[in-house]
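Heads up: the structure comes next, in structure tokens.
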Amino acid sequence: MNERWNLTPLYEDFTDPKWLADQEKLAVACKALADFAEKIQTFPAKEAMLGYITCMEEITDLVEKLAGYASLRQSANTKDSAAGSAFGQIMQLFSQTAGPDAACKAYLAKIDNLLEIAQSDPILKEYRFLFARMKEQSKHLLGSESEEILARMRLSGSNAWGDLQGLLTSAVQVDYNGGKTTLSSIRNLAYDKDPAVRKAAYEAELACYEKIADSVAFALNSIKLETITEAQLRGYESPLAETLADSAMKRETLDAMFAAIDEYLPKFWQYLRAKGKALGHENGLPWYDLFAPMGKTPEKAYTTEEAKAYLLDIFKDFDSDLHDMVASAFDNAWIDFYPREGKVGGAFCAGIPSLRESRILTNFDGAFGDVVTLAHELGHAFHNRCLNEQRPLNRDYSMPVAETASTFNECVIMNAAIAAATDPAQKLNLIENQLSDAAQIICDIYSRYRFETAVFARREQEFLSAETLCQLMLDAQKQSYGDGLDENALHPYMWVCKSHYYGPIFYNFPYAFGGLFARGLYAMYEEQGEAFVPKYKALLKATPVTTAEDTAKVVGVDLTDKNFWKKGLQILADEIDEFLKLVEA
């Protein structure tokens with residue numbers, strides 16, 4: 001089986017005639033949009049709407065191919081200067097569309113019967129949600145010239161600072177066990193069976209951050225100040241308000257979710273204390289044992305072939321489309337599996353609409369958790385697959401619903417594994433794995449949300465040093481983990497290694513949203529069986545063309561009701577009770 005993904009169905013390299021032709025097509029398309037924007041007011045309303053859609057569909061298709069290829073290459077090797085240069089060129093071209101795009105949107109938003117016209121045409125009808133949001137968001141546009149300036153400045157501003165964080169964290173060398181290793185490799189040791197290895201790896205990880213913390217702090221400060229400034233210029237109350245608007249999600253939904261989480265946090269602290277005690281810690285669980293395996297773990301690591309077989313065996317009982325897509329992902333080199341120097345850490349999935357495929361990056365080390373990570377990322381790929389029939393401008397779903405299919409996949413895998421376990425020690429291992437992941441999306445995500453909130457609250461008035469950022473992180477962790485963790489063994493540098501702070505604003509609460517939303521959906525699947533699967537696919541297909549709240553209504557769920565979120569949390573609370581019985585047995 002391949003170890004690395006195959007990108008050649010897109011392009012061979014940056015000298016490929018297909019790349020050069022598409023790059024030229026993009027330049028022509030961007031110019032065509034600019035020309036159209038100058039005369040849009042001379043067209044009848046319906047013709048103006050169709051003309052705008054035609055221009056933007058072509059640009060979107062080309063940017064997804066060109067920028068996607070360059071970005072994937074750079075993710076696999078951050079030292080790939082050709083990829084970085086090519087990505088910059090494409091984004092420079094694309095940035096030129098910001099002004100014309102804003103001019104077109106401003107004009108279209110003023111059409112009184114915009115939505116009625118959209119309803120009268122088969123193509124425009126598919127974009128009714130886009131036009132509705134265009135009307136809503138028009139009051140936050142700054143004018144074509146200002147929008148273009150902002151887009152161009154981001155290339156050497158927040159985008160560049162984000163690239164710096166990625167480069168530093170992927171290239172930093174970690175001193176460990178008399179040698180050198182990568183940050184992603186040392187972080188994988190958090191799952192090692194040997195407690196001495198876990199603690200030593202944690203200490204080595206913290207030590208390595210001192211080499212890059214000041215530089216990454218400059219990146220974080222610069223990105224957040226730019227975000228604050230832009231939110232103010234656009235007339236948003238706060239960066240969070242802008243995020244919620246971009247996410248097509250109500251503040252009432254976010255408040256309901258966190259209100260429910262607040263009620264259940266003590267239950268998670270109980271789980272963490274119990275795990276700590278089982279591992280010999282009396283003052284809560286130290287950070288370096290957060291992912292310590294418990295119970296009976298596999299004696300051997302999974303190979304990629306074994307991971308494939310395991311996933312296919314479980315997914316075949318859920319849905320044939322998902323099963324077949326997973327098989328294609330493994331067989332047709334969609335996945336870049338292993339950690340290596342220069343490769344970014346973590347895992348992600350990127351859709352490639354032109355191929356009707358996705359590409360997945362992981363740092364696979366053979367642990368069962370890595371198999372679950374594959375299932376998670378393949379969930380994103382399945383979400384992308386459900387959007388294959390959507391038009392080009394209807395493929396971009398919002399952050400809150402982005403983690404739904406991925407977390408649902410985790411539920412399918414973990415619940416099947418737990419149900420099949422007959423050995424109490426094996427069941428303990430599986431339940432603890434699931435609770436460990438749940439603690440991440442509840443406690444850790446809450447700490448990240450609190451940290452980012454605190455950074456935004458202070459950044460406008462002061463530069464936040466690496467030391468200050470570490471303290472803010474510790475404060476957020478103490479609030480979110482309570483007495484579940486040993487306060488003398490936390491992780492002050494989580495702001496350095498997590499790329500989420502260096503991209504979209506508040507890219508944290510969507511994980512809690514997705515985790516709890518998916519668990520609620522999985523409970524519905526358990527109740528309804530096969531009859532639920534078509535509804536689930538319809539929900540995924542609806543994500544780019546409805547609000548978060550209307551997406552949930554596809555399956556009859558009210559997201560502003562705290563009780564809905566409590567149902568997902570109660571499922572986890574019941575698992576915690578089962579865990580407590582197993583560790584006390």
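Note: hydrogens, waters and symmetry copies are ignored here, and every other heavy atom, side chains too, is used.
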Is there a ring pair (Phe, Tyr, Trp, His ring centres under 6.0 Å) between Phe451 and Tyr501? Walk through the geometry before answering. CA-CA 10 Å; Phe451 170 80; Tyr501 298 118; 5.2 Å; yes

I'd like to know if the side chain of Asp80 and the backbone of Ala83 have a donor-acceptor N/O pair within less than 3.5 Å. yes

Test item: Asp101 side-chain N/O and Gln96 main-chain N/O as donor-acceptor pair under 3.5 Å: no

If you define the side chain from C-beta out and look only at heavy atoms, does anything of Asn77 sit under 4.5 Å from Lys343? no

Can you tell me if Glu237 has over 12 outside heavy atoms packed within less than 6.0 Å of its CD? no

Please tell me if the side chains of Arg128 and Leu115 come closer than 4.5 Å, counting only heavy atoms from C-beta onward. yes

Could you walk me through whether Thr373 and Thr362 satisfy the side-chain hydrogen bond (donor to acceptor under 3.5 Å, both in side chains) test, starting with their C-alpha distance in whole Å, then the side-chain angles of each, then the deciding distance to 0.1 Å, before giving a yes or no? CA-CA 8 Å; Thr373 296; Thr362 71; over 6 Å; no

So that I can tick it off, tell me whether Glu389 and Lys541 are bridged by a salt bridge, with the cut-off set at under 4.0 angstrom between side-chain N and carboxylate O. no

So, Tyr511 versus Asp444: side-chain donor-acceptor pair below 3.5 Å or not? no

Looking only at heavy atoms, which two atoms of Met399 and Phe506 are closest? And how far apart? CE-O, 4.0 Å

Should the pair Lys39-Asp35 be classified as a salt bridge under the 4.0 Å nitrogen-to-oxygen rule? no

Below 4.0 angstrom, N of the basic side chain to O of the carboxylate: do Lys224 and Glu460 qualify? no

If only atom types and distance count, is the side chain of Glu147 paired as donor or acceptor with the main-chain N or O of Leu142 below 3.5 Å? yes

Going by the rule side-chain contact (heavy atoms from CB on, under 4.5 Å), which residues pair with Tyr338 if we only count those two or more places apart in sequence or in a different chain? Glu3, Thr304, Phe364

Only one of Phe532, Tyr525, Tyr522 clears ring-ring contact (aromatic ring centres under 6.0 Å, His included) with Phe318; which? Tyr525

Sidechain N-carboxylate O distance under 4.0 Å for Lys553, Glu549: no

If every non-hydrogen atom of Ser354 is compared with every non-hydrogen atom of Leu10, which pair is closest and at what distance? OG-CD2, 3.8 Å

Is it the case that Thr551 and Thr543 place a side-chain donor and acceptor less than 3.5 Å from each other? no

Considering only heavy atoms from C-beta outward, does the side chain of Val455 approach that of Asn221 to under 4.5 Å? no

With respect to Thr60, which candidate in Leu393, Asp396, Thr97 satisfies the side-chain contact (heavy atoms from CB on, under 4.5 Å) definition? Leu393

Cut-off 3.5 Å, side chains only: do Asp22 and Tyr11 have a donor facing an acceptor? yes

Atom CD of Gln528 with >12 non-hydrogen neighbours under 6.0 angstrom: yes

Do Gln137 and Lys105 have a side chain donor and acceptor closer than 3.5 Å? no

CZ of Phe218 to CD1 of Ile223: how many Å apart, nearest 0.5 Å? 13.5 Å

Point-to-point distance, once rounded to the nearest 0.5 Å, from NZ of Lys46 to CD1 of Ile123: 9.5 Å

Carboxylate-amine/guanidinium proximity below 4.0 Å for Arg251 and Asp255: yes

Test ring pair (Phe, Tyr, Trp, His ring centres under 6.0 Å) applied to Tyr502 and Trp495, step by step: CA-CA 9 Å; Tyr502 303 86; Trp495 58 272; 7.8 Å; no

Give, for atom CG of Leu108 and atom CD1 of Ile40, the distance between the pair rounded to the nearest 0.5 Å. 4.5 Å

Sidechain-backbone polar pair: Ser398 side chain, Ser247 backbone, donor-acceptor under 3.5 Å: yes

So do the side chains of Val216 and Leu164 get within less than 4.5 Å of each other, counting heavy atoms only? no

N/O donor-acceptor pair under 3.5 Å between Arg234 side chain and His140 backbone: yes

Minimum heavy-atom separation for Leu559 to Ala548, with atom names? CD1-O, 3.3 Å

Decide yes or no on ring pair (Phe, Tyr, Trp, His ring centres under 6.0 Å) for Tyr446 and Phe509, but give the supporting numbers first. CA-CA 7 Å; Tyr446 210 164; Phe509 68 78; over 10 Å; no

Non-neighbouring partners of Asp331 that pass salt bridge (Lys or Arg N to Asp or Glu O under 4.0 Å), sequence neighbours left out: Lys308

If you measure from CG on Leu244 to CG on Leu254, what distance do you get to the nearest 0.5 Å? 5.5 Å

Quick one: are Lys316 and Leu311 in side-chain contact, heavy atoms under 4.5 Å? no

Backbone of Ala245 reached by a side-chain donor or acceptor of Arg133 within 3.5 Å: yes

Salt bridge (Lys or Arg N to Asp or Glu O under 4.0 Å) partners for Glu226, two or more places apart: none

Lys/Arg N to Asp/Glu carboxylate O, Glu148 vs Arg152, below 4.0 Å: yes

Taking the inter-plane angle between the rings of Phe14 and Trp19 on a 0 to 90° scale, is it parallel (under 30°), tilted (30 to 60°) or perpendicular (over 60°)? perpendicular

Would you say that Val496 contacts Gln165 through its side chain, given a criterion of any heavy-atom pair below 4.5 Å between the two side chains? no

Are Phe315 and His323 an aromatic pair by the rule of ring centers under 6.0 Å? no

CD1 on Ile53 to CD on Glu126, rounded to 0.5 Å: 10.5 Å

What's the spacing between Phe408 CZ and Glu403 CD if we round to 0.5 Å? 15.0 Å

NZ/NE/NH1/NH2 to OD/OE distance under 4.0 Å, Arg395 and Asp61: yes

Salt-bridged, Glu230 to Arg154, with N to O below 4.0 Å? yes

Tightest non-hydrogen contact, residues Trp5 and Leu72, listed as CZ2-O, 3.2 Å

What are the two closest heavy atoms between Ala76 and Asp336, and how far apart are they? CB-OD2, 4.0 Å

Under a 3.5 Å distance rule, please check whether Ser71 uses its side chain to pair with a backbone N or O of Gly68 as donor and acceptor. no

Between Glu341 and Lys79, is any pair of side-chain heavy atoms under 4.5 Å apart? yes

Sidechain-backbone polar pair: Ser120 side chain, Ile117 backbone, donor-acceptor under 3.5 Å: yes

N/O donor-acceptor pair under 3.5 Å between Ser95 side chain and Gln92 backbone: yes

Given side chain to side chain contact (heavy atoms under 4.5 Å, CB included), test Met134 with Tyr52 step by step and report yes or no. CA-CA 12 Å; Met134 194 179 293; Tyr52 170 75; 3.9 Å; yes

Provide the closest heavy-atom pair for Phe43 versus Tyr107 in the form atom of the first, atom of the second, distance. O-OH, 3.8 Å

Quick one about Tyr69 and Asp13 (side-chain donor to acceptor, distance below 3.5 Å, no hydrogens or angles considered), yes or no? no

I want to check something: taking the side chain as every heavy atom from C-beta on, are Asn394 and Tyr127 in contact at a cut-off of under 4.5 Å? yes

